[in-house]
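Since the structure comes first, as structure tokens, the remarks are kept for the end.
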Amino acid sequence: MHRLRIFLVFLFLGSTCLTVQAANMALNLMDSHDYYQLSPRQGPLAEQFTTIINSPPSPIRITQKNAIRIALFLFGDEDAIENKALQMTLRKRMRELGIDYRLDVYLGRNHNETDFSAYLKIAATPPDYIVMTKLGFVQRRFLERFLRAGKTKVILYDFASPLTHWMNHSPLMYIGFDQKRATTRLASYLDRQFPPETTISALVLPEGYLGHSRCDLFLDEMLKYNRHVSRIRVVADDKQQAFEAAKVFLKETPTDFIFSCSQNISEGVVAALEESVAGSKTQTNAWGLSPNGIEDLVNRNVKVTVLFMKDNLSIAVAEAIKLDLEGKNMPTLYVANSTLMPAELDSESLRLMVQQAYQYSVDLWRQ
Amino acid sequence: MAAVTVSLQRRLRQKALMLMVAIFLVVVLLSVFFIDTLTQAAKQKNLALKHQVVEQAFNAYLARAEDEMKFIGQDLSSSDSIAGRELDLLFSHHEVLFFGGLDFFYIEWANGNYSMDPRARLFTKADFKTVIGAGLLNRWASVKTEDGATLLVLKTKLLSEEQDSTGFLYGFISLNDNLTLANELLDSAVVSAVRIYDVSHNRVLLEEHKAGVDLSANSLRSSLPLISPIQDNLQLDVIEANSISSAIFTNALPLILSVGVALLVFYFLLVRQMKVLIFQPIETVVYKQEEELIPYIELQPIQRQSRQLMAEIEAKDKRFLLLSDSVHSAVIFCNEVAEVELVNVEARHIFPNSVKARTLFDFMPITSHRSIQDALKGNIGITFDLTLTELGRIYQWHAYTFRNESDYRGLLLVGKDITQETSLTWQLEQLSPLSSLIERKVDTDAILNELSYLSQLPSHIESSHLKGWITLLLSVLDGIGQQDQDVSYLPLGDVFRQESDCVMAAMGIEATRALVDCSVETGSKVVAVGVHFRGLVRTLLMMVMSNDMAERRLSIRFNSDMELEIIAMNDMAFRPLFFWMIKMLSESLGGHKKTLQNNALQLNIMMDVNEAGEDALSLQANQVIAWIANDYPYACVVTEALQRFGLKVEEYASTDSFFTQSNVLTKFDAVLIGCDKDVQSQIDMTLALKLKHKRDHLPIIWLNSQTPSQIDDSVYTLQGCFFDYNLYQVLLKACEEDGISIANHNEQEVCWVMVGGSRVTKAIWYNELEQCTIATQWLSDLADYDLVLSYQPNAIIVLLEPQSSAVILAAQTAFPNVRFYSVQKWPDMPDNVILFDLVSPNSGEQIRFFTQDVMQHNTNSRSNE
């Protein structure tokens with residue numbers, strides 16, 4: 001335990017020193033296409049798994065000796081609707097599958113990374129499964145010991161880019177969305193929707209996984225479509241910062257569309273838009289559903305939302321655990337679907353789409 | 001067949017050696033191939049590793065360039081640069097730029113301005129608007145400009161302190177002639193050549209190879225995707241020159257050598273084991289003829305076979321020994337140097353020393369040594385007799401040579417006990433051989449055949465002829481039966497004359513027509529003549545004379561001094577008796593018989609010729625012979641014969657022509673009178689000549705084709721057949737008489753012609769008149785008076801019998817000087833006949849008175865005239 005602590009301290013210190021080089025990220029991460037090319041067996045397995053996800057649950061066939069322990073590592077606000085939806089869906093599905101389990105929820109704070117108590121707890125009593133909902137440099141090194149030991153199975157939640165260096169000791173499953181595909185689709189949609197003279201600004205994330213796979217890609221796509229992004233500002237993935245930045249944008253260089261690189265930024269931008277002078281036609285985009293997401297769409301602050309089938313991820317976690325318990329073959333990578341939800345759709349359609357995306361947790365979103 | 005001997009052991013050794021060499025070669029090739037394959041695989045693996053190293057080197061280069069970019073970015077962000085002076089600032093600060101990976105950079109400010117690294121123009125002249133369009137944020141991208149520059153571009157944001165984007169920084173790595181990058185790639189993994197290929201744009205980004213390396217030959221090539229931060233799908237080719245070097249052989253050499261040594265050892269072991277396990281047992285089998293069974297199954301058949309063969313040989317040997325002991329002959333085998341190999345019991349009995357002796361010569365008597373040596377030299381048919389006095393036996397030894405088992409000449413001596421045979425032979429020599437008696441027996445079949453032939457003869461054949469024929473046959477057969485011991489020496493011609501005479505006498509007229517061709521010279525040879533020769537001549541004459549088919553000719557001549565050749569023309573082809581007889585006779589005479597093409601029989605007999613013959617008389621060439629042919633059948637033959645004798649011949653066709661034409665010549669040494677059937681004319685002429693010459697012994701020779709019934713003793717006749725010698729002999733005899741001179745006789749005293757009279761009367765008259773030396777001619781009647789009287793115009797004709805007066809008158813008229821006297825009276829006796837009546841029978845005294853009276857009367861009457 002002492003050693004682990006020292007290790008973690010060094011790891012933290014090391015990580016601050018480390019200048020993450022964007023170009024090298026391509027060497028460390030693989031997208032789904034590359035991964036399926038590298039291990040061709042995964043393709044058919046992923047298709048089978050997708051079928052399982054979309055099918056009604058079938059109870060587990062084996063009898064468990066003990067209840068399995070699942071550690072669910074959440075970040076941010078525990079009461080956030082996403083986290084709640086996650087837990088709800090997971091529990092529901094687990095129940096449906098008839099798996100005897102104990103779910104321990106650990107919370108890691110987004111902004112205070114120095115609090116490693118949750119990690120230490122998990123390390124002290126290793127569960128059977130760890131569901132990690134976020135992968136950063138801390139999580140990466142923390143998970144590697146479990147991966148190497150192999151006793152505790154790791155499921156990476158909302159992260160669908162397998163790590164190159166983990167190929168030897170792969171997690172139980174990477175579960176997530178193809179961010180690049182979603183971004184490309186979004187850029188394409190916007191290009192088709194916007195008239196040529198539309199001015200675009202962008203609030204982008206600093207360098208990182210999402211910053212690279214979403215923001216840089218979006219800027220490159222715009223350049224490809226010969227659309228000039230007039231102003232670009234790097235903001236942290238924080239609603240407040242985005243709000244302020246958007247306000248600056250709206251004040252200094254009013255634009256037709258402010259690209260938000262993440263859901264938090266989008267929420268900040270939407271707040272800024274709402275605060276700003278009514279009648280301004282500036283719009284933004286959203287990633288996923290916010291608690292008042294539908295509303296934003298309806299009042300056209302948000303032009304388009306990338307709707308992730310988020311419940312499928314939770315279902316995938318449950319099914320992955322079930323398959324693992326049954327000792328069946330399963331894919332290492334599951335890429336869930338995402339779709340564009342434009343503001344032009346009528347409310348009923350929007351409702352149906354939400355219903356489809358959050359089949360288990362739709363009630364939460366309606367509150 | 002040239003026997004080619006083969007050593008099994010040597011053959012096995014050779015085959016094994018060849019096999020080992022083949023295995024060695026195969027192993028060597030396989031090991032070289034295996035090592036080569038292993039090396040290749042290792043090199044391939046190594047190359048994959050090198051590929052990664054190169055990849056890492058490439059990525060490190062990119063990372064370095066990225067760091068520089070970050071550095072430049074931070075520098076630009078942090079410093080309050082005066083617009084347009086940023087580059088100067090950067091250049092003045094950072095020497096690192098000139099040794100880094102980044103070749104040049106380009107800044108695109110948010111306000112639309114741009115700052116371009118002046119180095120950029122060293123690499124491309126292209127418009128940078130298009131170049132930077134290819135740049136991707138935080139990702140390397142490859143771009144190929146219009147002027148052919150291949151660039152790697154990285155785009156980063158330039159941020160102000162407010163995290164506002166102030167523009168983009170583009171960093172470029174030119175891949176054209178980038179020796180640093182190329183050399184880093186080459187040196188990182190020590191490869192011969194590298195090539196970076198953009199698969200998605202199908203273009204070569206970088207290509208470099210080490211100087212002085214030939215890649216056209218055998219080379220190892222790894223072509224794998226390049227995992228790099230570059231957006232495009234790249235492929236990295238790594239090539240390493242692969243020298244198919246002697247290193248393989250060097251590596252394989254210990255293995256090859258060890259395999260070779262192992263095989264060589266194995267070969268020697270194998271050969272040794274083969275020798276020990278197979279060939280030595282075989283040798284022991286060959287050299288040890290032991291009784292116990294060979295323990296080797298494979299060799300047992302051979303042993304069985306050889307035992308069987310041995311047993312067979314022993315059995316044969318025993319049989320042979322038994323045989324050699326039981327033949328009652330002494331048998332001795334010896335080899336080429338006369339060493340004794342086998343002596344049977346009898347031979348041991350004869351030669352007791354043979355047991356101890358080494359060679360034949362040690363115990364065989366010295367007399368036999370030469371024969372044995374001859375036999376050993378290879379002469380064949382060598383026999384010799386040995387008389388063993390101590391045993392009282394005579395052995396006849398035959399020496400046979402043979403090829404013995406060593407292919408040398410061996411000798412087999414077989415001695416046969418011929419004691420009894422010899423004694424029997426001696427006894428038999430005292431007895432006449434039975435076989436000759438058997439041979440003398442008449443061939444019954446031949447006689448029966450002959451008799452059946454004779455029985456079928458035509459009926460007109462006279463019995464006398466047949467009788468004579470049988471007599472002759474019997475005489476010949478009798479001669480055959482006799483021992484030919486009484487030999488007399490006679491001229492050959494005489495033999496033929498006698499025999500032909502005999503045959504002619506027996507066979508009659510038919511026999512006389514044979515021509516015997518025997519010259520004087522041949523005939524005068526004196527030869528030893530026995531019964532058999534006579535019989536042979538007789539048989540031949542019989543054959544010739546009974547020949548009806550062809551010329552009856554018998555030719556006799558001497559081919560040489562001794563060899564007599566007789567050729568007989570005959571038609572006896574179907575009468576085997578004669579041939580049997582001739583065979584018998586000629587065999588006993590040592591003659592040789594042969595049938596010529598015209599069926600003539602040719603006999604060649606070696607005769608015993610007595611050279612010292614008596615001196616033969618010969619005829620003189622100037623002697624004159626009168627030849628009166630009459631009706632003699634072969635007149636010309638006689639003429640030719642006479643001419644051959646060198647005599648002068650006067651030919652006359654008949655008696656008349658002789659008397660009429662004889663006025664040319666005065667004297668004939670001999671007169672030959674031929675006759676066939678007209679015997680009377682012959683007699684008449686003889687009588688005429690006698691009367692004319694008034695003597696009985698005249699050189700007159702009668703040539704009769706058949707023996708006349710009555711022969712005048714005073715004339716010479718040709719006995720037997722006519723042939724030269726025969727004639728010659730008669731002529732010789734005849735010529736001893738005084739010749740006949742025709743002219744003188746006419747002048748001489750009156751010839752008395754006696755007419756008629758009985759035989760007795762004539763005899764009485766002849767005697768009386770002979771005493772009175774009165775030449776007489778004797779006529780039976782006066783019918784042909786003119787024939788006689790023409791020669792005797794003054795003749796005194798004494799009529800012993802009454803004659804027709806008309807004839808007497810006619811004769812008186814024709815020959816007026818003729819005086820007719822009669823000794824008896826008949827009624828109408830003409831007047832001119834003077835009668836002296838003599839009392840019959842006429843006595844000598846009466847005749848003397850009559851003669852005196854007539855002579856006186858005649859003298860008176862003539863004187864009166």
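Every chain is numbered from 1 and lettered A, B, ... according to where its sequence line falls, protein lines coming before strand lines. Atoms considered below: every heavy atom in the structure, side chains included; atoms not considered: hydrogens, waters and symmetry mates.
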Output, in order, the C-alpha distance, side-chain angles, deciding distance and verdict of salt bridge (Lys or Arg N to Asp or Glu O under 4.0 Å) for A:E207 and B:K70.
-> CA-CA 12 Å; A:E207 286 181 359; B:K70 187 144 280 174; 3.4 Å; yes

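Look at B:K155 and A:D216 and you find no salt bridge, because none of the NZ, NE, NH1 or NH2 atoms lies under 4.0 Å from a carboxylate O.
The distance from the CG atom of B:N138 to the SG atom of A:C215 is 10.0 Å, given to the nearest 0.5 Å. Summarising the geometry, atom CE belonging to A:M30 is positioned 9.0 Å from atom CD1 belonging to B:I227; distances are rounded to the nearest 0.5 Å.
Annotation for B:R121: atom CZ counts as buried by contact number, over 12 foreign heavy atoms lying within 6.0 Å. Around NE2 of A:H33, the count of heavy atoms belonging to other residues, nucleotides or ligands within 6.0 Å does not exceed 12. Within a 6.0 Å sphere centred on OH of B:Y114, heavy atoms belonging to other residues, nucleotides or ligands number 12 at most. In this structure, A:D34 places its CG atom where more than 12 heavy-atom neighbours from other residues, nucleotides or ligands lie under 6.0 Å away.
For the options A:L203, A:I232, A:V229, heavy-atom pairs under 4.5 Å to chain B are most numerous at A:I232.
Heavy-atom distances place the side chain of A:V204, and not its backbone, under 4.5 Å from chain B. Using a 4.5 Å cut-off between heavy atoms, B:L159 touches chain A through its side chain atoms alone.
Partners of A:N301 according to the side chain to side chain contact (heavy atoms under 4.5 Å, CB included) rule, which considers only residues two or more places apart in sequence or in another chain, are A:V270, A:L273, A:E274, A:N299.
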Side-chain donor/acceptor pairs under 3.5 Å, residues 217-226 of chain A, sequence neighbours excluded:
unit_1	atom_1	unit_2	atom_2	d
A:D220	OD1	B:L137	N	2.9
A:D220	OD2	B:L137	N	2.9
A:D220	OD2	B:R139	NH2	3.1

